[in-house]
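Inspection log for the structure reproduced underneath, given as structure tokens.
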Amino acid sequence: MNYLALIFSFYILISASATASDTWKGLTVKPENRCSPYNKSEQYPYPQSVEDNVVASMGGVVYSPYSGQYFISDKETDIEHIVAASEAHDSGLCSASSEVKALFARDMLNLTLAEPKINRCGSGGKCGLDAAEWLPAKNKCWFANRILAIKSKYNLSVDLAEANTLDTILANCNSTEMIFYPKEEIPLQGYSNVTGSANALELYDDDNNGRITCLEAKSHGITPVRKGHLAYNFMHDRNKDGIVCN
């Protein structure tokens, strides 16, 4: 009887080990599977207004974390799903309700901005690819962590190649915060050959005293202002934490 109990315990241990080996950071590791037809516009709708929310979340600047580039207007960028709708569909959302799919499509955790050449299909474009197939030039740690967060939230799976890629990236990250890379020159309509510093004062220094106050920043809807934002170098960061007017 004890011998049978020992065999049974050993079997349970082996089964548990096999199950553990099929997960990564709580996500199921398995091949992608399209369990139902996919139609992005019908199944994953989102209002255009989410673009304004993305800009607001980045301190009022139109910024692509994938390239570290700033833009004059969000007309120059696309709304970008960090985990593409097609990737999510094939990773478990194909069996989800229409309500969950719509929630995923407009979830701010999974939204950012990107240049059309990066967001869309074409040479170098992300176009529904997963992390094993496409990585951004900038903000890889933030990108990998967001994928983990959104897939965990919606109980999505990862394939083995994606899990290995994400694991390698995250193992070498000191921080997973989005980095706002400084932009030396940002052309604006009506101004030519001016530096990013001049642009900041033209945009936000309402009393023309060479400094930007929190009151001015708030009136322009760019608070909190983080290090890397155009206005930051003209503001007083009292505790030197890289964030002003928070």
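Predicted, not measured: the structure shown is a model, and the values here were computed from it.
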Check: residues 239-246 side-chain donor-acceptor pairs under 3.5 Å, at least two apart:
| unit_1 | atom_1 | unit_2 | atom_2 | d |
| --- | --- | --- | --- | --- |
| N239 | OD1 | D241 | N | 3.4 |
| N239 | ND2 | D241 | OD2 | 3.4 |
| D241 | OD1 | I243 | N | 3.0 |

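Of the possible donor and acceptor atoms, none in the side chain of H81 sits under 3.5 Å from a partner among the backbone N and O of G128. Between the side chain of T213 and the backbone N or O of E216 there is at least one donor-acceptor pair closer than 3.5 Å. Using modelled atom types, no side-chain atom of T223 and backbone atom of V225 make a donor-acceptor pair closer than 3.5 Å. Judged by distance alone, with hydrogens and angles left aside, the side-chain atoms of S36 form a donor-acceptor pair with the main-chain N or O of C94 at under 3.5 Å. In this structure, the side chain of Y181 does not engage the main chain of K138 through any donor-acceptor pair within 3.5 Å. A donor-acceptor pair under 3.5 Å is formed between the side chain of S157 and the backbone N or O of S91. Of the possible donor and acceptor atoms, one in the side chain of N39 sits under 3.5 Å from a partner among the backbone N and O of E42.
Y66 is linked by a ring pair (Phe, Tyr, Trp, His ring centres under 6.0 Å) to W134, F143, counting only residues two or more places apart in sequence or in another chain. With sequence neighbours excluded, the residues forming a salt bridge (Lys or Arg N to Asp or Glu O under 4.0 Å) with E80 are K126, listed by chain and number. For Q69, the side chain to side chain donor-acceptor pair (under 3.5 Å) partners are K183, not counting sequence neighbours. The side-chain contact (heavy atoms from CB on, under 4.5 Å) test applied to N209 returns D205, D207, R211, not counting sequence neighbours. Qualifying side-chain contact (heavy atoms from CB on, under 4.5 Å) partners for V55, counting only residues two or more places apart in sequence or in other chains: V62, D74, L113. By the side-chain contact (heavy atoms from CB on, under 4.5 Å) test, N164 pairs with L160, sequence neighbours left out. Listed by chain and residue number, D107 satisfy the side chain to side chain donor-acceptor pair (under 3.5 Å) test with K153 (two or more places apart in sequence, or in another chain). Residues passing the side chain to side chain donor-acceptor pair (under 3.5 Å) test with T112: none are found, sequence neighbours excluded. Partners of D78 according to the salt bridge (Lys or Arg N to Asp or Glu O under 4.0 Å) rule, which considers only residues two or more places apart in sequence or in another chain, are R120. Residues satisfying the ring pair (Phe, Tyr, Trp, His ring centres under 6.0 Å) test with F104, not counting sequence neighbours, are Y154.
Of all heavy-atom pairs spanning S86 and Y38, the tightest one is N-OH, 3.4 Å. Looking at every heavy atom in both residues, L111 comes nearest to A105 through CD2-O, 3.9 Å. The two residues A217 and M235 come nearest to each other via the heavy atoms CB-CE, 3.9 Å. Nearest heavy-atom pair across S64 and F71 is CB-CE1, 3.9 Å. Taking every heavy atom of both residues into account, L170 and C141 meet most closely at CD2-O, 4.1 Å. For the pair S57 and V54, the tightest heavy-atom approach, listed with the atom from each and the gap, is OG-O, 2.6 Å.
Ring to ring, Y63 and H229 are not that close: their centroids are 6.0 angstrom or more apart.
Separating the CG atom in N145 from the CD1 atom in I150 is a distance of 11.5 Å, to the nearest 0.5 Å. Going from atom CG of L166 over to atom CG of L135 covers 8.0 Å, rounded to the nearest 0.5 Å.
Using a 4.5 Å cut-off on side-chain heavy atoms (C-beta onward), L93 and Y44 make contact. In this structure, the side chains of L109 and R146 come closer than 4.5 Å at one or more pairs of heavy atoms. By the 4.5 Å heavy-atom criterion applied to side chains, V50 and I79 are counted as neighbours. Counting heavy atoms from C-beta on, the side chains of S219 and D206 come closer than 4.5 Å. Contact annotation: the side chain of I82 approaches that of I147 to within less than 4.5 Å [non-hydrogen atoms, C-beta and beyond]. Two residues are said to be in side-chain contact when any heavy atoms from C-beta on lie closer than 4.5 Å; N53 and M108 meet this criterion. By the 4.5 Å heavy-atom criterion applied to side chains, T77 and E51 are counted as neighbours. Counting heavy atoms from C-beta on, the side chains of V61 and I222 never come closer than 4.5 Å.
Each salt bridge (Lys or Arg N to Asp or Glu O under 4.0 Å) pair with one or both residues in residues 87-105, not counting sequence neighbours, appears once here: R34-D90, E87-K151.
Under a cut-off of 6.0 angstrom, the local environment of CD in E177 is sparse, with at most 12 non-hydrogen atoms contributed by other residues, nucleotides or ligands.
Using modelled atom types and a 3.5 Å distance limit, the side chains of S98 and Q43 yield no donor-acceptor pair.
The hydrophobic cluster containing I212 does not contain L215, counting ILVMFWY residues as joined when their side-chain heavy atoms lie under 4.5 angstrom apart, directly or transitively.
If you run side chain to side chain contact (heavy atoms under 4.5 Å, CB included) between V158 and each of T23, T28, V29, only V29 comes through.
With a 6.0 Å cutoff to the six-membered ring centre and a 45° limit on the axis angle, K227 does not count as a cation-pi contact of F180.
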Side chain to side chain contact (heavy atoms under 4.5 Å, CB included) between K40 and H89, intermediate numbers included:
CA-CA 9 Å; K40 182 177 181 179; H89 191 83; over 6 Å; no
